[in-house]
Amino acid sequence: RLVTPPSYAMHLECRNKTARGAGEARRSSSPRRGTLWWMALCLDLLLRPNEMMRSLLRRAKAAAGIEGRYIGLHVRHGDACGNNGRQCLGAGGIAGEVRRMAFLYQVTQVVVATDSPDMIQHLQAHAPEISWLHVPADRTQGSGSTMSGHVWPQMLRTRMGLLDRRAVAELSIIDLLLLADADYFIGQFSSAFSAVAFELSVARKGTVPP
C-alpha cells in the first residue's frame with residue numbers, strides 16, 4: 001500500500017461534510033465552503049501517503065533536482081488524444097502557456113508529469129530557457145503501446161500482463177503528489193489526473209493555486 005487507508009468513520013465524516021458544505025455554499029456567498037473545498041479535503045484524506053510513499057517522494061524530488069518554487073505541469077497525451085473529443089495541445093502551445101506563467105511569477109523550474117516519453121524533449125526544444133524537470137523513469141508504460149499498427153490501451157496491456165503494475169502505480173502517485181505540492185499548476189480538466197492534482201493542491205494550500 002502506498003497510502004494510509006482512512007477508517008470507515010472518517011469516510012462517513014468526509015461524506016457528510018461534503019454534503020453539508022454543498023448546502024452551506026448554496027446559502028452563503030463564502031467561496032471557502034463550496035463543494036470543491038470539501039471534495040478537496042476528502043481527496044486529501046483518502047490519498048495521505050504512508051511512510052514508504054513519503055520516502056519515495058523525497059528520493060524522487062532529489063532525483064529530479066527539484067529545489068525551491070516550481071510550476072507543476074501535467075500533459076496527458078498517449079492514447080487519450082482524440083478519445084471522447086479530447087484535444088491534445090502540442091508542445092509548442094504548452095511551452096507558450098508555461099512561459100507566460102513563468103514570466104508572471106518569476107519562476108524557472110517546471111516539473112512535468114506526462115505519459116508521453118517524448119514530450120519533455122519537445123518542451124525543452126521550444127523553451128530552452130526553462131528548467132524542465134521530471135522524475136527519471138520509464139514513461140512508455142503509462143501510454144498506449146503501438147503493436148502491429150494498433151494502439152493497445154493501458155487497461156488491456158495490464159490485463160495481458162505486459163505492464164509492471166507496481167512501477168506504474170508508484171510513478172503515478174509520485175507525479176500526482178508532486179503536482180499537488182507545486183506552487184503553480186498547469187493542467188487540463190478533461191483529464192481526471194489533472195483534476196485530482198488540482199483538488200489536492202487546493203486542500204493542502206487552503207486556497208486555489210495559480
Please name the pair of heavy atoms, one in [X] and one in [Y], separated by the smallest distance, quoted to 0.1 Å.
| X | Y | result |
| --- | --- | --- |
| P209 | V202 | CD-CG2, 3.9 Å |
| P210 | D183 | CD-O, 3.6 Å |
| L176 | L47 | CD2-CD1, 4.0 Å |
| A180 | L200 | CB-CB, 3.7 Å |
| S194 | G187 | OG-CA, 3.6 Å |
| A182 | S201 | O-OG, 4.3 Å |

Between [Y] and [X], is there a side-chain heavy-atom distance shorter than 4.5 Å?
| X | Y | answer |
| --- | --- | --- |
| L177 | P49 | yes |
| V110 | I186 | no |
| W132 | V98 | yes |
| Q188 | V75 | no |
| Y184 | V107 | yes |
| F193 | H74 | yes |
| I66 | L178 | yes |
| E97 | I94 | no |

Quiz item: Going only through I, L, V, M, F, W and Y residues with side-chain contacts under 4.5 Å, is there a path from F103 to Y70?
Solution: no
Let me confirm one number: the [atom1]-[atom2] distance from [X] to [Y], rounded to the nearest 0.5 Å.
| X | Y | atom1 | atom2 | answer |
| --- | --- | --- | --- | --- |
| D175 | E170 | CG | CD | 12.0 Å |
| I130 | Q109 | CD1 | CD | 11.5 Å |
| L73 | L133 | CG | CG | 11.5 Å |
| I174 | L179 | CD1 | CG | 12.0 Å |
| H134 | I120 | NE2 | CD1 | 4.0 Å |

Look only at the side chain of [X] and the backbone of [Y], and say whether a donor-acceptor pair between them is shorter than 3.5 Å.
| X | Y | result |
| --- | --- | --- |
| R99 | H126 | yes |
| R204 | D181 | no |
| R69 | Q106 | yes |

Exercise. Show your reasoning for whether side-chain contact (heavy atoms from CB on, under 4.5 Å) applies to R58 and K61.
Key: CA-CA 5 Å; R58 287 192 295 268; K61 285 185 175 181; 5.9 Å; no
